[in-house]
Amino acid sequence: MAKNLNSVSFTVLLLVLVMASTAFLKSEAIDCPGGCSTPITRVFLGECEPAHGTTHNDCCICCVTKYGSPPVCWAAIEGTDEHCHCYTKAI
C-alpha cells in the first residue's frame with residue numbers, strides 16, 4: 001500500500017511541476033495601458049460590471065473607461081462567475 005501511495009504522490013507532483021514549467025497555469029489576461037502584469041506589482045481596484053462574462057480585452061476597455069489610465073494597469077475576467085476585475089499598480 002505504501003508503494004502505491006508514494007507512486008501516486010510522485011506522479012501528482014510531477015504533473016504539477018510540468019504544468020507550472022510550461023506556463024499552463026498562466027492567466028490569459030492582458031496588460032492595460034501602463035501595464036503591471038506581475039502579481040506583486042498590482043492590487044485590486046474594483047469591478048467593471050458591464051464587462052462581466054466578456055473577454056479580457058473588453059474588460060480592460062471597461063476598466064479604463066470607468067477608472068481611467070492610470071490608475072488601471074491590468075484587467076481580467078476571473079472566477080467561476082466571470083467577473084471583470086480591474087487592477088492598479090501597488091504602491
Side-chain angles (χ1 to χ4, degrees):
M1 179 70 178
K3 282 186 176 184
N4 288 342
L5 187 58
N6 284 339
S7 177
V8 169
S9 297
F10 178 75
T11 303
V12 169
L13 178 62
L14 183 63
L15 180 62
V16 169
L17 289 174
V18 167
M19 288 174 61
S21 67
T22 59
F24 182 77
L25 301 175
K26 274 191 174 176
S27 173
E28 296 289 324
I30 61 168
D31 276 337
C32 294
C36 57
S37 58
T38 308
I40 296 170
T41 64
R42 65 180 184 246
V43 293
F44 181 73
L45 181 63
E47 291 187 348
C48 197
E49 292 179 15
H52 286 353
T54 62
T55 66
H56 296 300
N57 190 47
D58 291 340
C59 180
C60 180
I61 292 167
C62 183
C63 290
V64 168
T65 301
K66 183 174 182 178
Y67 297 106
S69 177
V72 172
C73 62
W74 197 77
I77 300 294
E78 298 177 313
T80 55
D81 48 2
E82 295 188 343
H83 282 192
C84 172
H85 292 163
C86 310
Y87 292 86
T88 188
K89 286 186 180 179
I91 297 172

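If you take CH2 on Trp74 and NE2 on His85, they are separated by 10.5 Å, rounding to the nearest 0.5 Å. Going from atom SG of Cys59 over to atom CD of Glu47 covers 9.5 Å, rounded to the nearest 0.5 Å.
In this structure, the side chain to side chain donor-acceptor pair (under 3.5 Å) partners of Thr55, at least two apart in sequence or on a different chain, are Asp58. Judged as a side-chain contact (heavy atoms from CB on, under 4.5 Å), and not counting sequence neighbours, the contacts of Cys62 are Cys48, Pro50, Ala51. With sequence neighbours left out, the side-chain contact (heavy atoms from CB on, under 4.5 Å) criterion links Thr38 to Ile40, Thr41.
In the hydrophobic clustering, where aliphatic and aromatic side chains (Ile, Leu, Val, Met, Phe, Trp, Tyr) are joined below 4.5 Å either directly or transitively, Val64 groups with Leu45, Tyr67, Val72.
By the SG-distance test at 2.5 Å, no disulfide connects Cys73 to Cys32.
Classification of the His83-His52 ring pair by plane angle, with boundaries at 30° and 60°, yields parallel.
Nearest heavy-atom pair, Lys89 versus Val43, reported as atom, atom and distance to 0.1 Å: O-CG2, 4.2 Å.
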